[in-house]
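Okay, so here's the structure we're looking at.
In what follows, every chain begins at residue 1, and chains take the letters A, B, ... in the order their sequences are listed.
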2 protein chains.
Amino acid sequence: MKRILLVVAYDGTNYCGWQVQPNGITVQEVLNQKLSELLGENIETIGASRTDAGVHALGNVAVFDTETRIPGEKISYALNQRLPDDIRIQESREVPPDFHPRYQESEKTYVYRILNRRFQIPTARLYSYFYHYDLNTELMQQAADYLLGEHDFASFCGAGAQVKTTVRTVTGITVTREGDEITITVKGRGFLYNMVRIISGTLIEIGGGLYPPEKMKDILEAKKRTEAGPTAPAHGLTLVGIRFLNEA
Amino acid sequence: MKRILLVVAYDGTNYCGWQVQPNGITVQEVLNQKLSELLGENIETIGASRTDAGVHALGNVAVFDTETRIPGEKISYALNQRLPDDIRIQESREVPPDFHPRYQESEKTYVYRILNRRFQIPTARLYSYFYHYDLNTELMQQAADYLLGEHDFASFCGAGAQVKTTVRTVTGITVTREGDEITITVKGRGFLYNMVRIISGTLIEIGGGLYPPEKMKDILEAKKRTEAGPTAPAHGLTLVGIRFLNEA
């Protein structure tokens, strides 16, 4: 028995998110099925990040246990042959048997993309949120700076989340513009349900001038979901990667 | 009666190209239909560039004649309300009644995108050609330089084209790399059928080391389609824009 780690990229457009659920096809379900076919065993993957319906990934991480003799590094190639073209394994390798992608200390990087111009660009519509009104990224960055570090992010936690604590640490948050495309990059050890999308929705309100940047501090201190902005649409969000901090 | 110019962006993935044809839905067909509905007249657009099935556009151009009293600049907004989300008008305005987008002197800019890395990225798959083997963009640029200027591009003309002459002028051609993404940008007054895709397919062969860059000169001089490389896949190509040189 060995444990294999997969780095998984996917276009979330046609999936009901990562985690297996009864109402539609998920990335995890497809992975489990194709791995089971490939290896001739009943494979159940454990994912690092249970991304929502419509969210994309360049580097989500999953592990599974197998009896196979195929070397860890070769599994990516064999599995990609069987996967639909909106899921692609970027890397596969053996990890210690106790490596758990959710309990291992890690830093995740998310990117939220906004296309900020007069008219939508059709070829950008699936991977960025189109926003017509002018956004000021300097104001957005000033507001974002209040979120850096360890805070109680209760105001940025989606309804229905079951967590012991809403304290989280944001290790980096930047807002940049390149032409019409605004990129919000958020790094942290762990995130609450919908946290990056609620942060993005709030930054969009501030960038549009609805509130001054200082309002972000009040929202944070209020610890009430209703104080923050709306949850920005899923298709603008991409899980870029997960870095494991104490990997053997 | 007035003539209106439209700048049209589209995701070519689900279209059988620009021009109306019997075997499938085209961008022009959708435009004609939605314009006719909007204006209550039978509208027939004339396109500047009859892009192939699967090719994308940021700025193709079309004109049509109408009796409408809606100001030219407002038509973009009204039309976008009716169009499917993979077509978006970027600009609309009145032009002189004799303005013809194919006979007017113009410079077109095409971009061919290649994702050059070990594994495909699902969110890039619709808008770039995935190529696994290492490509050397310096060799590609050296080869591309032979194409600059006025030449007989018969070697780069797809079968089935009916043209008086295969002489064309390439006013700019650059090959750049940003991370895993290679961009071939080609500018010219006019292009032969499949010309940019055949140039791209040939540059990919040279970038992969199949031929030295100097081979491009021989291919050009041979004036035979069979001497050039394959026609690169349609989905990597985007018509970026058309600049009219002597516009009133």
*Please flag which part of A/L126 lies under 4.5 Å from any non-hydrogen atom of chain B: side chain, backbone, both or neither.*
side chain
*Portion of B/D85 that has a non-hydrogen atom of chain A nearer than 4.5 angstrom*: both
_Would the distance check show the side chain of A/E181 and the main-chain N or O of A/R113 forming a donor-acceptor pair, the cut-off being under 3.5 Å?_
no
*So do the side chains of B/I75 and B/T68 get within less than 4.5 Å of each other, counting heavy atoms only?*
yes
*Checking side-chain contact (heavy atoms from CB on, under 4.5 Å) for the pair B/T238/B/Y110: CA distance, chi angles, key distance, verdict?*
CA-CA 6 Å; B/T238 300; B/Y110 280 94; over 6 Å; no
*asked:* Quick check on A/D86 against chain B: is it the side chain, the backbone, both or neither that has a heavy atom closer than 4.5 Å?
replied: both
*Among A/D11, A/L58, A/T123, single out the residue with the greatest number of heavy-atom pairs under 4.5 Å to chain B.*
A/T123
*asked:* Once you measure the plane-to-plane angle for B/Y129 and B/Y112, does it fall in the parallel (<30°), tilted (30-60°) or perpendicular (>60°) bin?
replied: perpendicular
